[in-house]
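Worth knowing before you read on, the calculation uses all heavy atoms, side chains too, and leaves out hydrogens, waters and symmetry mates. The model shown is predicted, which means the values in this text are computed figures rather than measured ones.
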Amino acid sequence: MAARAQPVARVWPGIGAAAVVAALILGTLAAVALRAEAGRGLSPSDWAALRFTVMQAALSAVFSVVLAVPVARALARRAFAGRQAFITLLGAPFILPVIVAVLGLLAVFGRRGVLNAGLEALGMPAVQIYGLFGVVLAHVFLNLPLAVRLILQGWQTIPAERFRLAASLDFGPGDMWRVLERPMLLRMVPGAAAVIFAICLSSFAVVLTLGGGPRATTVELAIYHAFRFDFDLGRAALLSCLQIAVAGAAALIALRLSGQGGFGAGMGRPVRRWDARGAGFRAMDAAFIGAAALFLIVPLAMVLRDGIEGLGQMPADVWRAAGYSIGVALVSTVLMLSLALPMAVASARWQGLEAAGLMGIAASPLVMGTGLFIIVYPFADPGAWALAVTALVNAVMSLPFALRVLAPAARDCIADYGRLSASLGLRGRHWLRLVLLPRLRRPLGFAAGLAAALSMGDLGVIALFSDPERATLPLQMYRLMGSYRTEAASGAGLLLLALTLAVFWGFDKAGRYGADD
Amino acid sequence: MALTIEGLRLRQEGFGFAADLEVTEGARVAVIGPSGAGKSTLLAAIAGFLAPESGRILWQGRDITHAPPGARPVAILFQDNNLFPHLSVAQNVGLGIRPDLKLSAAQRAQVEDALERVGLAGMGARRPGTLSGGQQSRAALARVLVQDRPVVLLDEPFSALGPALRNEMLDLMATLLGGTGATLLLVSHDPADARRIAEQTILVAEGVAHPPRETGALFDDPPEVLRDYLG
């Protein structure tokens, strides 16, 4: 409302941070583009990779959203013990290391998994998880919860008064659907589907573990192969340009369609409803919630069961890798905060700065990694830089989520206390120490927890750079899985899961501690 | 000669605001007018939150138009958010002495003394959230006391209090600040507040702040805009 913003905090550190992020994303892209051999064109296998990429992402988005609608509806209209715990559980896959999810899914749907054991006992043919089915299955496992949360938010945007009015007009479930629910879903579902489509376009670890071969290779996996096995930088660069074009377009569409779709926004109590009271409706809602809970919990329970058995089988490399992972996660968190905090402050004056941070969503870690490799390669051994590059790329990748949390909090702090601070001459580092950091404690803890957990579980750029000496825990786990040391991999999976949850919980708790007002 | 506002023009969200007036040193002046007319804009301009398009603001002949808010001879209380909820009451008051809160023993004693004068003796260690609304107002007032600035701006800081508590706070403030000889500008919706503590009143209407007039005379023979507002 002011003719000029409050002069409590400077804008230029935020602009500097945004410039660093832009340089990392665009600079690596430029390095890649200069290296790309456009004249060569795309080979038939590149086209096949592009087709598979789009198809698996589309199928994943459609299945996630279609299955999410009845689950979200059941959650929106039923009050039951454990509802809040279930909604919290729906947030967990966001920080769950992808490779741990894959391990759990293999234990249920894999060749020697629970499902195939049951099918065999019934004399039915076995399910093959590797390929399109496995990729889509894992993507639905990871994104169904996100879809449920997004769509549930849609339900909660319908004011309670509408439901009261509907009840007084004696609406049945059909009327409710036509008048209230369908219009809301038409608004929410395209955005949710577009977000999931964009996420699945650049998903790497799932395809690395469950895809592969000529029929199930995505563009990202093709980049990795071109880079790692053929050492064909020109082709890797060309594929990177393709990936950026596709993922960038999808991210733009998703941003446009999803609008203000809150990320991690609070999930209130269910609105009191008077429709769908019949036993059939109750049974249906219970079935959807139960099925979703089983689908999410059973693979994780398997990770726990197999992991405990495997803990004793883990080679010493696993512990060393865990040490590297903790280091990378902490460095990445510090890097992320030192970029995000100034940007959040500066966004009070220029909201556009938050959008600049959101560029990270469209950025592909593999493309950034390829670019950094091309830049580093002439000067140094990229393997020696593997951990540093991983920490940096992870910081940029978690930046959009952190900004989503920090920028509104920083804006509120400046709106509420900017004038008071200015009138007291409270500026610069004293303002940072006495006002901003204490006020932002909670969102800072949450954002740091997210960044640390995402970095801890990341299996992306490290796979490009690593040499046998330097592996993070997810990569070490992948190597164990690749050499069929399933018990050891399970133990490492449990360790990774525990460490990821521990860093998230630790930071989040530290942010909450003492922040009672 | 005290607070002089010379040909001040500024623009906020498309609305123009103009002021050309003078407030005598040590005067207690009410600022009254319809909401949206620019009462808070006047105070924000004096405090340095809004940059004018033209005109000057002078204190004792010294041009403060471009001084940052903290460097002006001004202490201000807002409608809300006058205290940082994460700092103790004593820390909130201490900010009025040193914004980095590195207080000497003498300065800490000064904080205690101010708390005692507003009736909050021994409550320095508490967080604002544990105080009642009236006590929070007192804590903010204690900070104004230690700030010891010659101009005190009050942007309806007691509007959330009930009538009796508000009168009590107005009286307490008039008594405490009367002793310091500070010039006081108080924004209010209520003519009774003006009559209670202000000998002069600035009428702000339709984006113009008029020069102060004797409060009694103004309300006994109100101009048309004020008559419409008072109803």
Using modelled atom types only, decide if a donor and an acceptor are shared between the side chain of [X] and the backbone of [Y] within a distance under 3.5 Å.
X: A:Arg441; Y: A:Tyr513; value: yes
X: A:Ser423; Y: B:Pro69; value: no
X: B:Asn92; Y: B:Phe84; value: yes
X: B:Lys39; Y: B:Gly33; value: yes
X: B:His86; Y: A:Leu434; value: yes
X: B:Asp20; Y: B:Gly7; value: yes

Heavy-atom proximity to chain A below 4.5 Å, by part of B:Gln147: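 For B:Gln147, side-chain heavy atoms alone lie under 4.5 Å from chain A.
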Per-residue contact mode, B:Leu10 against chain A (heavy atom under 4.5 angstrom):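 Looking at B:Leu10, nothing touches chain A.
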Test ring-ring contact (aromatic ring centres under 6.0 Å, His included) applied to A:Phe504 - qualifying residues, sequence neighbours left out: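 Expected list: A:Phe446.
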Exceeds 12 heavy-atom contacts within 6.0 angstrom, atom CD of B:Glu206: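 Open.
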Atom pair OG1/CE of A:Thr333 and A:Met456 - distance to nearest 0.5 Å: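 One finds 8.5 Å between OG1 of A:Thr333 and CE of A:Met456.
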All salt bridge (Lys or Arg N to Asp or Glu O under 4.0 Å) counterparts of B:Asp148, not counting sequence neighbours: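 So B:Asp148 forms no salt bridge (Lys or Arg N to Asp or Glu O under 4.0 Å) with any residue.
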Residues of residues 94-112 of chain B contacting chain A, heavy-atom criterion under 4.5 Å, by residue number: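 Listed by number: B:Leu95, B:Gly96, B:Pro99, B:Asp100, B:Leu101, B:Lys102.
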Contact listing (chain A partner; residues 118-125 of chain B; heavy atom under 4.5 Å):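 Near chain A, by residue number: none.
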